[in-house]
Amino acid sequence: SKKKLLIIGSLPPPNHGCNVFIQHLLRSDLPQRFHIIHLDTSDRRNLENISRFDLTNVRLALQHLFSLVAICVKHRPGLAQLSISQNNLGYLRDGLFIILITVLSRAKIVIHLHGSYFKEFYESTHWLMRRFVDVTMRCVSRAIVLGERLKPIFYHWLPDTRIDVVPNGSPMLPHLNGKFDRDDRRELRVIYLGNLFKFKGVLDIINAAAVVLKKHPSTKFLFAGSWGRDPVYNQTPENMRAECDARIEQTGMRDRFEFVGELNGQALEDYLVEGDIFVFPSIVEGMPLVILEAMAAGNPIISTQGVGAIPE
């Protein structure tokens, strides 16, 4: 008797905000209220392959489209939730998902935007893709954004009454282990968590660290996350690493910087609890889960003014 709900999206690994959200969604109490059908669009390769035009991505997109056809014919879902992309290749696939769902199942479609760059993507792409977006958006029943500041992104296609705000959340509740009773003479730890992309502000942290270390040479700067191809600047992980190394070398204090790799589970919670200040100066974001996790671990946050729903 439950309404059939189709959820389209990828799962970790690799970790990024959108697929972590889908994982939380599937682990929530939603399956108690809906008959969930999940179309897993995961690409188990590393972050370097996200949004790239290569044969594997084309093969995966075709495979997922055929899987969607089978789901719509077999299950006839009444409701579909789709986390949409903010680039040409990704939205081409997502738009085809929307068309297939509309034609084959007539389900109500809810799109979920996990970022804040969709309007810029739409305005900067070529006319044919803009037309494709316009046509597919006519099939959408509702849109979900992460903050009130982001609702205008969809005003071109949907009235305010059909745009809902659902802020991100995190189930992380770490034990703080006497965090606020520490000795003030202890080494201060400034931490970052996220993919090691230029647009996430990693180089900005290193530049700021060079200034801080002149006055406070005992401060330690730690970076947790994976190297990958930057989807905004289209920079390779090798170039990003080289640029980070060069700037760290210029500070003359290499021992004050540490890259700890990707962390999960208890190791991630321990990393956040051991931090003193969390820094995340990204220039393109929705509502970053890493900020919520850092707050849950008792860290003051330094982030970017006016970006996405970060101020909220």
Side-chain angles (χ1 to χ4, degrees), residues 8-10 16-19 21 41 47 49-54 57-58 61 65 80-102 109-168 194-195 197-201 203-204 228-235 280-289 303-312:
I8 301 175
S10 62
H16 53 81
C18 186
N19 65 13
F21 169 83
T41 59
L47 292 168
N49 301 290
I50 293 178
S51 302
R52 290 187 67 183
F53 184 80
D54 62 30
N57 277 334
V58 172
L65 287 166
Q81 187 265 0
L82 170 63
S83 300
I84 60 170
S85 303
Q86 303 176 106
N87 58 74
N88 284 327
L89 183 62
Y91 192 84
L92 178 60
R93 181 203 62 177
D94 295 343
L96 292 173
F97 282 158
I98 290 171
I99 292 171
L100 287 175
I101 293 168
T102 301
I109 299 172
V110 178
I111 57 173
H112 197 152
L113 180 64
H114 291 273
S116 61
Y117 194 69
F118 190 84
K119 186 176 180 182
E120 286 80 2
F121 148 65
Y122 175 80
E123 291 175 346
S124 63
T125 192
H126 52 82
W127 70 268
L128 191 58
M129 177 57 75
R130 289 199 300 271
R131 180 61 178 159
F132 181 68
V133 173
D134 292 338
V135 169
T136 52
M137 280 292 177
R138 292 174 187 167
C139 305
V140 171
S141 298
R142 301 190 80 82
I144 295 174
V145 293
L146 301 176
E148 292 289 340
R149 294 166 49 91
L150 305 182
K151 292 177 75 173
I153 290 173
F154 290 111
Y155 284 168
H156 183 71
W157 304 282
L158 296 169
D160 185 85
T161 53
R162 289 167 57 194
I163 305 171
D164 297 299
V165 175
V166 181
N168 269 339
N195 297 321
F197 297 148
K198 184 175 181 178
F199 86 86
K200 295 281 188 181
L203 291 171
D204 296 317
R229 178 177 291 275
D230 190 314
V232 174
Y233 292 102
N234 197 30
Q235 185 181 40
F280 192 74
S282 181
I283 62 169
V284 180
E285 290 295 329
M287 179 178 284
L289 287 170
S303 194
T304 324
Q305 183 177 4
V307 171
I310 288 176
E312 294 181 37

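What you see is a predicted model; the values in this text were computed from it and never measured.
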Can you tell if the side chain of [X] reaches within under 4.5 Å of the side chain of [Y], non-hydrogen atoms only?
X: V232; Y: F197; answer: no
X: Q86; Y: E120; answer: no
X: I98; Y: M137; answer: no

If I take atom [atom1] from residue [X] and atom [atom2] from residue [Y], how far apart are they, to the nearest 0.5 angstrom?
X: S124; Y: N88; atom1: OG; atom2: CG; value: 7.5 Å
X: I109; Y: T102; atom1: CD1; atom2: OG1; value: 3.5 Å
X: I111; Y: I84; atom1: CD1; atom2: CD1; value: 4.0 Å
X: F21; Y: N168; atom1: CZ; atom2: CG; value: 7.0 Å
X: E285; Y: I310; atom1: CD; atom2: CD1; value: 5.5 Å
X: R93; Y: N87; atom1: CZ; atom2: CG; value: 9.0 Å

Ignoring hydrogens and geometry, is there a side-chain-to-backbone donor-acceptor pair from D94 to S85 under 3.5 Å?
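A pair under 3.5 Å: yes.
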
Determine whether a donor-acceptor pair (N or O, by modelled atom type, separation under 3.5 Å) exists between the side chain of E312 and the backbone of E148.
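Checking the backbone N and O of E148 against the side chain of E312, a donor-acceptor pair under 3.5 Å is found.
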
Decide side-chain contact (heavy atoms from CB on, under 4.5 Å) for R142 and L158; before the verdict, give the C-alpha distance in whole Å, the side-chain angles of both, and the deciding distance to 0.1 Å.
CA-CA 8 Å; R142 301 190 80 82; L158 296 169; over 6 Å; no

Test side-chain contact (heavy atoms from CB on, under 4.5 Å) applied to I99 and F132, step by step:
CA-CA 11 Å; I99 292 171; F132 181 68; 3.9 Å; yes

Heavy atoms from other residues, nucleotides or ligands near NZ of K119 exceed 12 (cutoff 6.0 Å)
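For K119, atom NZ is not crowded (no more than 12 foreign heavy atoms under 6.0 Å).
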
For P311, what residues pass the side chain to side chain contact (heavy atoms under 4.5 Å, CB included) criterion, not counting sequence neighbours?
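Applying side chain to side chain contact (heavy atoms under 4.5 Å, CB included) to P311 gives R149.
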
Under the side-chain contact (heavy atoms from CB on, under 4.5 Å) criterion, do L150 and M287 qualify, and how do the steps go?
CA-CA 10 Å; L150 305 182; M287 179 178 284; over 6 Å; no

With side-chain contact (heavy atoms from CB on, under 4.5 Å) as the criterion, how do I283 and Y233 come out once you've worked through the C-alpha distance, each side chain's angles and the decisive distance to 0.1 Å?
CA-CA 11 Å; I283 62 169; Y233 292 102; 3.3 Å; yes

State whether a side-chain donor-acceptor pair under 3.5 Å links T125 with Y91.
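No pair is found: no donor N or O on one side chain lies under 3.5 Å from an acceptor on the other.
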
Holding to side-chain hydrogen bond (donor to acceptor under 3.5 Å, both in side chains), I want the full list of residues that pass it with S10, two or more places apart in sequence or in another chain.
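Result, side-chain hydrogen bond (donor to acceptor under 3.5 Å, both in side chains) vs S10: none returned.
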
I need the minimum non-hydrogen distance between [X] and [Y], along with the two atoms involved.
X: D230; Y: F199; answer: OD2-N, 3.0 Å
X: G201; Y: P281; answer: O-CG, 3.4 Å
X: I101; Y: A80; answer: CD1-CB, 3.9 Å

Only one of V145, I153, L113, I144 clears side chain to side chain contact (heavy atoms under 4.5 Å, CB included) with I163; which?
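Option passing the side chain to side chain contact (heavy atoms under 4.5 Å, CB included) with I163: V145.
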
Selection residues 142-162 - residue pairs positive for ring-ring contact (aromatic ring centres under 6.0 Å, His included), sequence neighbours left out
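Qualifying pairs, neighbours excluded: F118-F154, F118-W157, Y122-H156, Y122-W157.
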
